[in-house]
Q: 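Take a look at this one; I'll ask things after.
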Amino acid sequence: KAGVTQTPRYLIKTRGQQVTLSCSPISGHRSVSWYQQTPGQGLQFLFEYFSETQRNKGNFPGRFSGRQFSNSRSEMNVSTLELGDSALYLCASSLEGGRSYGYTFGSGTRLTVV
Amino acid sequence: ILNVEQSPQSLHVQEGDSTNFTCSFPSSNFYALHWYRWETAKSPKALFVMTLNGDEKKKGRISATLNTKEGYSYLYIKGSQPEDSATYLCAFGSQGNLIFGKGTKLSVKP
């Protein structure tokens, strides 16, 4: 069974640019969540999508957006990149919101903004 | 603002030692408490999801307990092995939204 796939693994962007990250969940999982990890911080929740609808949103500025497609694949977009957006971005999928079996995480996309 | 605290921040033990970590979370509106293990250069892996007060879960040498009334969970590792070296994360869960602690980094020396 394929795991959660995130692309690209590494990305270098310039301040002011925008970036799109992709996440393919485990087949059959309809919930996809996105998290940001910066040095010294725990994983911070960005948003969660379930069946193409954003169900929950964390405390991030509107520059961070996402969407989910009918095949449950999800994309996250960050516009007008700032140096502080440099982080590891993880996505996680689950069948039912993670209450029974938890979440399966991808390997992440490491974004560096210069 | 909901906060999840983990202690200690790091731990160095010898192979064969038993150890435990603490996770403190809000005791109101409890939904679920997750434990994850995160090895360097890998992705976090789910260890346990606990939903009921008094829950005890076990997987091999690792076990966890849950007290939702006082808002804490313990993770125990019996007879630590070098391959147990990792960061252990707990997360307070509402549906689709996990609030993570900063983790306990465990190093096990052979």
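Convention: sequence-line order gives letters A, B, ...; per-chain numbering from 1. Since the structure is predicted, the reported quantities are computational estimates derived from the model, not experimental observations.
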Q: Considering non-hydrogen atoms only, spot the tightest contact between A:Gly106 and B:Ser43 and give its length.
A: O-CB, 2.9 Å
Q: Determine the minimum heavy-atom distance between B:Val49 and A:Gly102, stating which atoms define it.
A: CG2-N, 3.3 Å
Q: Is A:Phe60 reachable from A:Met76 through a run of hydrophobic residues whose side-chain heavy atoms are each under 4.5 Å from the next?
A: yes
Q: Does CD in B:Gln9 sit with more than 12 non-hydrogen atoms of other residues, nucleotides or ligands closer than 6.0 Å?
A: no
Q: Please determine whether residues A:Trp34 and A:Val19 belong to a single hydrophobic cluster, defined as Ile, Leu, Val, Met, Phe, Trp and Tyr linked transitively by side-chain heavy-atom distances below 4.5 Å.
A: yes
Q: Would you please test B:Leu98 and A:Tyr35 for side chain to side chain contact (heavy atoms under 4.5 Å, CB included) and show each step?
A: CA-CA 9 Å; B:Leu98 294 179; A:Tyr35 292 86; 3.2 Å; yes
Q: What part of B:Trp38 gets within 4.5 angstrom of chain A, counting heavy atoms only: side chain, backbone, both, or neither?
A: side chain
Q: For residues 8-21 of chain A, which residue pairs pass the side chain to side chain donor-acceptor pair (under 3.5 Å) check, not counting sequence neighbours?
A: A:Thr20-A:Asn77
Q: Given heavy-atom pairs under 4.5 angstrom as the criterion, report whether the side chain, backbone, both or neither of A:Leu43 touches chain B.
A: both
Q: Is it possible for you to say whether B:Val4 and B:Tyr74 belong to one hydrophobic cluster, with membership spreading through side-chain heavy-atom contacts below 4.5 Å?
A: no
Q: Taking atom CZ as the centre, does A:Arg73 end up with more than 12 heavy-atom neighbours from other residues, nucleotides or ligands that are less than 6.0 angstrom away?
A: yes
Q: How about B:Tyr36 and A:Phe105: are their ring centroids closer than 6.0 Å?
A: yes
Q: Between A:Gln44 and chain B, with a heavy-atom cut-off of 4.5 Å, which part of the residue counts as in contact: side chain, backbone, both or neither?
A: neither
Q: How many angstroms lie between NZ in B:Lys45 and OG1 in A:Thr104, if you round to the nearest 0.5 Å?
A: 8.5 Å
Q: When rounded to the nearest 0.5 angstrom, what is the spacing between NZ in A:Lys57 and CG in B:Asn97?
A: 11.5 Å
Q: Chain B heavy atoms under 4.5 Å from A:Leu46: which part of the residue, side chain, backbone, both or neither?
A: neither
Q: Closer than 3.5 angstrom, by distance alone: can the side chain of A:Tyr103 be matched with the main-chain N or O of B:His34 as a donor-acceptor pair?
A: no
Q: Consider only side-chain heavy atoms of I, L, V, M, F, W and Y, link residues closer than 4.5 Å, and tell whether B:Leu11 and B:Leu47 are in one cluster.
A: yes
Q: Report which part of B:Leu33 has an atom under 4.5 Å of a heavy atom belonging to chain A: side chain, backbone, both, or neither.
A: neither
Q: In terms of hydrophobic clusters joined by side-chain contacts under 4.5 Å, are A:Val113 and A:Phe64 together?
A: yes
